[in-house]
**Student:** 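Structure in structure tokens, see below.
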Amino acid sequence: MAASTPMRTKRTVAVVSAGLSQPSSTRLLADRLVQATERHLVERGFEVEIVTVELREIAKDVTNNLLTGFPSPSLSTVIEQVTGADALIAVTPTFTTSYSGLFKSFMDILDPSSLVEMPVLIGATGGSPRHSLVLDYAMRPLFTYLHALVAPTGVYAASEDWGSNPDDVKPLPERIDRAGAEFAAFVERSDRAGRLVDPFAIPVSDGAGVGGFQAQ
Amino acid sequence: MYANALNSESAPAVQFGIFTVGDVTTDPTNGETPSERDRIKAILAIAQKAEEVGLDVFALGEHHNPPFVPSSPTTMLGYIAAKTERLILSTATTLITTNDPVKIAEDYAMLQHVADGRVDMTLGRGNTGPVYPWFGQDIRQGIPLAIEHYALLHRLLREDVVDWSGKFRTPLQGFTSTPRPLDGVPPFVWHGSIRSPEIAEQAAFYGDGFFANNIFWPKEHYMRLIGYYRQRFEHYGHGSADQAIVGLGGQAFMAKNSQDAVKTFRPYFDNAPVYGHGPSLEEFTEQTPLTVGSPQEVIDRYAGMREHFGDYQRQLFLMDHAGLPLKTVLEQLDLLGEEVVPVLRKEFAKNRPAHIPNGPTHAALVAARDAAQDAELAGATRTAAPVAQEA
């Protein structure tokens with residue numbers, strides 16, 4: 001029993017939503033992506049815990065962290081929840097051809113190594129379908145830089161996708177479901193939350209310490 | 001044991017003092033910016049005041065970019081040495097990455113002689129990106145530079161003739177760093193870091209001190225570093241974890257009446273480098289060791305530090321940044337020296353176990369070396385005394 005690690009049957013999915021208005025279509029898209037992911041993970045036999053972060057609610061703490069270099073206690077909790085999750089769903093509004101400044105600010109305060117191997121599902125919203133490449137020109141390179149594993153399918157929702165003039169060949173619900181199914185397969189393989197390393201952990205062996213020092 | 005040997009009767013158990021970054025900052029209350037000369041003279045006056053009010057240590061930063069003036073710490077510390085009698089002169093920090101370790105060995109051994117041994121140093125990497133290339137180095141090699149440069153510095157201060165080659169500096173053949181350290185005992189070395197376990201490991205490996213600046217960030221961050229250093233100090237056989245040599249920074253602004261302190265300091269806080277224009281003074285004082293209030297509030301906050309970090313050897317305060325005028329800083333030092341430190345000395349002495357070493361002094365290090373040599377001459381088993389060991 002002690003020799004083998006039991007299969008983890010639970011997955012924690014962090015959701016970062018950078019919408020500014022309330023209610024927000026960015027949050028709406030995030031919620032739909034969560035539902036699809038959760039449904040497919042449950043089908044695969046996983047228990048799912050969702051942690052949702054509305055960046056608007058911590059915007060001031062994010063700015064303070066940029067200025068001081070350390071997070072407030074509540075922001076620190078949020079960062080631990082996001083970086084310690086098994087998977088991340090990240091959704092931003094499109095502002096001036098890119099992710100929002102608040103979204104980028106949040107990414108900027110994370111340790112650059114803290115999302116390594118993190119499965120990420122990217123989503124974005126915008127006023128016009130002509131901005132849909134924001135996913136592949138802005139969001140995907142950002143997470144690739146951080147060595148996260150970005151799911152091939154991201155979802156972009158323009159205002160019209162929510163009603164009046166939807167894409168009837170590939171409607172939004174279909175795209176969301178495809179993204180959720182693909183992402184669930186990613187998340188199933190992710191065990192990163194079970195093997196996070198504490199840089200201040202005392203070395204287990206009596207061998208060399210960090211920096212290559214050898215006991216005399 | 002080395003740690004016990006640091007206890008001598010005359011030296012204070014915990015050394016109290018101040019450390020300065022040496023920033024030239026506009027006073028936000030009147031728009032006045034001191035000249036470099038004014039600021040340099042102010043720092044020299046502040047150091048002398050530190051001794052006058054009964055503090056034990058003055059530590060000076062080293063920077064190579066405006067708005068900071070102290071690019072040449074031993075020049076300023078040499079002047080202070082001549083003007084003081086008891087004050088230990090230290091640094092916060094000496095850049096082990098971009099300085100040549102040969103020049104550090106020479107400068108600080110020289111300062112030791114000038115100051116009759118009242119010298120130690122805190123080594124740091126420096127976090128200003130362009131300083132590395134300005135001095136021909138690469139910030140991405142910060143940790144390897146700190147490790148290799150200190151390995152050389154450690155030898156230069158202990159071996160009369162050094163043959164050496166490494167990755168970052170031109171080799172040495174038959175080199176003798178002059179002058180040799182006073183009484184053959186190198187200045188005590190603290191390693192300062194704000195985030196790197198590698199530097200805590202380095203301090204532990206050599207049995208040197210570790211200094212956490214303990215300002216601007218929550219103390220919990222520094223507690224992890226100190227905890228790590230203490231464990232590794234024991235691992236490398238220099239004593240028990242609670243005997244590791246720990247120094248902490250701190251930051252305070254005081255007035256007799258707590259409300260007056262807040263009112264006076266707020267414009268400086270709001271416009272300060274590092275944290276200005278961000279969190280409120282109330283948030284920042286709650287989240288970091290900055291304490292703004294009455295002397296009693298500072299006493300209460302800092303008397304509690306030993307519970308978070310264990311009994312330690314040195315407590316330095318940042319008192320003179322953010323454009324505070326010299327007159328105000330000198331008044332702050334009066335309060336610190338007359339009302340805060342005497343009480344903290346008593347508080348820190350309460351229940352301090354006898355096996356906890358005192359803050360390191362040259363006299364104690366010489367005594368430790370002599371004791372180790374006597375023991376050896378007497379044919380006794382050689383005890384662990386890294387200070388006296390040939391590397």
Side-chain angles (χ1 to χ4, degrees), chain A residues 55-84 101-102 104-116 145-147 195-216, chain B residues 127 142-148 150-151 191 193-207 215-238 241 272-280 283-284 286-288 290 384 386 389 391:
Chain A
L55 293 187
R56 187 184 207 287
E57 293 168 6
I58 55 169
K60 190 160 173 280
D61 283 355
V62 169
T63 304
N64 285 347
N65 190 349
L66 287 172
L67 297 180
T68 64
F70 72 88
S72 68
S74 58
L75 179 56
S76 180
T77 304
V78 168
I79 292 172
E80 279 169 29
Q81 285 172 334
V82 169
T83 59
L102 178 56
K104 181 61 160 52
S105 293
F106 181 71
M107 299 310 298
D108 286 347
I109 63 172
L110 301 180
D111 184 296
S113 65
S114 65
L115 293 183
V116 172
Y145 169 76
L146 295 169
H147 297 277
R195 53 185 175 82
L196 296 177
V197 178
D198 177 358
F200 292 98
I202 301 299
V204 179
S205 74
D206 277 356
V210 293
F213 292 101
Q214 300 280 349
Q216 283 160 322
Chain B
N127 60 3
I143 297 259
L145 274 166
I147 289 171
E148 180 178 305
Y150 185 61
H191 299 263
S193 178
I194 57 174
R195 65 172 101 236
S196 303
E198 292 91 339
I199 300 304
E201 184 86 23
Q202 181 185 36
F205 173 79
Y206 288 102
I215 52 173
F216 303 154
W217 283 2
K219 67 178 182 308
E220 287 73 15
H221 176 86
Y222 304 105
M223 286 162 60
R224 304 190 68 199
L225 269 171
I226 298 289
Y228 182 92
Y229 159 68
R230 286 188 183 281
Q231 294 296 320
R232 300 303 285 170
F233 183 92
E234 181 167 316
H235 167 78
Y236 286 115
H238 301 296
V274 184
Y275 49 78
H277 309 286
S280 68
E283 288 170 321
F284 201 74
E286 186 187 324
Q287 292 169 14
T288 80
L290 170 63
Q389 275 177 8

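The shown structure was predicted, so the numbers you read here are calculated from the model rather than taken from an experiment. Heavy-atom basis, side chains included; hydrogens, waters and symmetry copies ignored. The sequence lines fix the lettering, A, B, ..., with proteins before strands; numbering per chain opens at 1.
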**Student:** Output all residues satisfying salt bridge (Lys or Arg N to Asp or Glu O under 4.0 Å) with A:Asp108, sequence neighbours left out; order by chain, then residue number.
**Tutor:**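 For A:Asp108 the salt bridge (Lys or Arg N to Asp or Glu O under 4.0 Å) partners, ignoring immediate neighbours, are A:Lys104.
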**Student:** Sort by residue number and list every residue of residues 67-82 of chain A having at least one heavy atom under 4.5 Å from chain B.
**Tutor:** A:Leu67, A:Thr68, A:Gly69, A:Phe70, A:Ser72, A:Pro73
**Student:** Pick one of side chain, backbone, both or neither for B:Leu225, based on which atoms fall under 4.5 Å of a heavy atom in chain A.
**Tutor:** both
**Student:** Got more than 12 heavy atoms from elsewhere within 6.0 Å of CD, B:Glu220?
**Tutor:**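 Buried by this count: over 12 neighbours within 6.0 Å.
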**Student:** For B:Tyr275, which residues count as a ring-ring contact (aromatic ring centres under 6.0 Å, His included) partner, sequence neighbours excluded?
**Tutor:**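 Result, ring-ring contact (aromatic ring centres under 6.0 Å, His included) vs B:Tyr275: B:Phe216, B:Phe269, B:Phe284, B:His321.
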**Student:** Can you tell me how far apart CG (A:Asp111) and CZ (B:Arg195) are? Round to the nearest 0.5 Å.
**Tutor:** 8.5 Å
**Student:** Give, as side chain, backbone, both or neither, the part of B:Gln202 having an atom under 4.5 angstrom from any heavy atom of chain A.
**Tutor:**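 Both backbone and side chain of B:Gln202 come within 4.5 Å of chain A.
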**Student:** Not counting sequence neighbours, which residues clear side-chain hydrogen bond (donor to acceptor under 3.5 Å, both in side chains) with A:Thr83? List them please.
**Tutor:** none
